[in-house]
Amino acid sequence: MTTLEKGSVRVRIAPSPTGYFHIGTARTALFNWLFARHHGGQFIVRVEDTDKERSQPEFEKDILAGLEWLGLKYDEFYRQSERGEHYRKYLKKLLADGKAFWCYHSKEELGIEKAEQTKRHEALHHFCDHKDNPPTDKEKQLIRLAVDRNIEKIGWHDLVRGDIEFSADTVSDVSLAKDLDTPLYNFAVVIDDYEMQISHVIRGEDHIANTPKQIAIFRALGVEPPQFAHLPLILGADRSKLSKRHAAVAFNQYIEAGYTPETIINFLVLLGWTPNDDKQELISTQEAIEQFTLEKIHKSGAVFNPEKLNWISNQHLRQLGDEQLSSLVLPFVQRNFNQVDNVIVSRLMPLLRERLEYLDQIKEFGYFFQAPEYGPELLVWKKSDAVGAKQAITKVLGILSGAGEWGDQKLRSRLDEVATTDFAGDRGAVYWPIRVALSGEKFSADPVQIMLIIGQSETANRLQTALAKLN
Ligand code: GLU
């Protein structure tokens, strides 16, 4: 492992505010943040908002809110739209040094060239003859970098993927800016990474094709590029790039569903990285900081498995004490049922710990908070009839009115007794109508558990309601 001097690490994420914060950006942010924290370095957020038409303040807000929710605090913050003078300065210098030049080719001319190259199955490139012979009868279109065709290769040692090389042909005369005030993506990135003294560029592998262009710009400026580490793609179950078809990609949906930041960090860090113990699936943020190195990042794509997320989430919820868990659950109770029932929530603790995968799943337990709605036919057990259902419910109401019958074991043995004496041992004949009366569902938590949680009088109310439905 390469040892890095403390403080020498400066990394960044450079989100474009052209869409909401998504799961891929969150993973890139997390890896950068962990790397910075591991090495005692700086984590920088740079909003790449040079695309004036597509960038929106609303998206920037969403991205920053997502980072804050995750607890990924940044040390420095920049917006490219506020850095025009920096880009201008270097564009002028490159033009003056003859390292950049004006290209006069129109969009149409470049389009024709592109179509021809596509037809010949060539990587798209443009070596511009205006470099040495600027036309006098045309308008300036773009500032380009003068790339020497004779440089055979442009390569780097990628800290994830090893040595990567591109031929100068695929790089060609990189477009830098539309004019002095309108820098383009690759150029603005390089100027910023240089001026912000970024030591490591850790980003998605979809940027690999940009890297040789950026290295060419660094060279023209006469400076050393940072180190590069390209993260594997996040894939869906069918191993194609993760999209809405596979899972929610908008980060906000995970916040809304009620996963905790610790859960999401645990899940994201395993998307393309392995802890020291490669079987470890539950990892705290602190442990991830301690263990995080680029050597353990995978080359191949990381499959996003929603079931694994839910498993991790449940494991995290299980680790919480009653107070912590109930304070997390209560807002979701309020949101779904318009009420805050501390007593029910505290009685629900053992059941929620066992079953809850994300906090908003509390909505599947609505019958704990409000009387269920259902049709009378649901009360009828398949091997019995409405008369049987009435009989079972009446018997159980009788048990409830008896003194000292309230309690887990007592209720169970009394219900079993009714099944034995009145229904020839068919437990379904008792438990089915009771379950429906209490929950309105065919599948629910255990009926006795529901009784104990909603309490004796609410249990009696619901059984009475059921009887009334059957009359
Ligand atoms: N702005 C780029 C994006 O949102 C990131 C560029 C980079 O990390 O170098 O994909």
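Order of appearance sets the numbers: ligands from 1, and atoms from 1 within every ligand.
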Q: Describe, in one word, how the ring planes of F127 and H125 are oriented to each other, choosing from parallel (under 30°), tilted (30 to 60°) and perpendicular (over 60°).
A: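 Aromatic pair F127/H125 classed tilted.
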Q) Is the gap between the ring centers of Y254 and Y358 under 6.0 Å? A)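 No: the rings miss the under 6.0 Å criterion.
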Q. Strictly by modelled atom types, are T293 and H38 linked by a side-chain donor-acceptor pair under 3.5 Å?
A.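 Side-chain D/A pair, T293 to H38: absent.
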**Q.** Cation-pi, F77 ring and R79 (6.0 angstrom, 45 degrees)
**A.**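 That pair does not qualify as a cation-pi contact.
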Table of N or O contacts for ligand 1, cutoff 3.5 Å:
residue: ligand 1; atom: 1 (N); partner: A14; partner atom: O; Å: 2.6
residue: ligand 1; atom: 1 (N); partner: S16; partner atom: OG; Å: 3.0
residue: ligand 1; atom: 1 (N); partner: E48; partner atom: OE1; Å: 2.6
residue: ligand 1; atom: 4 (O); partner: A14; partner atom: O; Å: 3.4
residue: ligand 1; atom: 4 (O); partner: S16; partner atom: N; Å: 3.4
residue: ligand 1; atom: 4 (O); partner: S16; partner atom: OG; Å: 3.2
residue: ligand 1; atom: 8 (O); partner: R12; partner atom: NH1; Å: 2.8
residue: ligand 1; atom: 9 (O); partner: R12; partner atom: NH1; Å: 3.4
residue: ligand 1; atom: 9 (O); partner: R12; partner atom: NH2; Å: 2.8
residue: ligand 1; atom: 9 (O); partner: Y185; partner atom: OH; Å: 3.4
residue: ligand 1; atom: 9 (O); partner: R203; partner atom: NH1; Å: 2.7
residue: ligand 1; atom: 10 (O); partner: H207; partner atom: NE2; Å: 2.9

Q. Charged N to carboxylate O below 4.0 Å: is that the case for R335 and D360?
A.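 Answer for the salt bridge query: yes.
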Donor-acceptor pairs are to be reported for all side-chain atoms of residues 228-242 against protein atoms at under 3.5 Å, with residues two or more places apart or in another chain.
residue: H230; atom: ND1; partner: D158; partner atom: OD2; Å: 2.6
residue: H230; atom: NE2; partner: R203; partner atom: NE; Å: 3.3
residue: H230; atom: NE2; partner: T211; partner atom: OG1; Å: 3.1
residue: D238; atom: OD1; partner: S240; partner atom: N; Å: 3.1
residue: D238; atom: OD1; partner: S240; partner atom: OG; Å: 2.9
residue: D238; atom: OD1; partner: H246; partner atom: NE2; Å: 2.7
residue: D238; atom: OD2; partner: S240; partner atom: OG; Å: 3.4
residue: D238; atom: OD2; partner: H246; partner atom: NE2; Å: 3.4
residue: S240; atom: OG; partner: R245; partner atom: NH2; Å: 3.3
residue: S240; atom: OG; partner: H246; partner atom: NE2; Å: 3.4

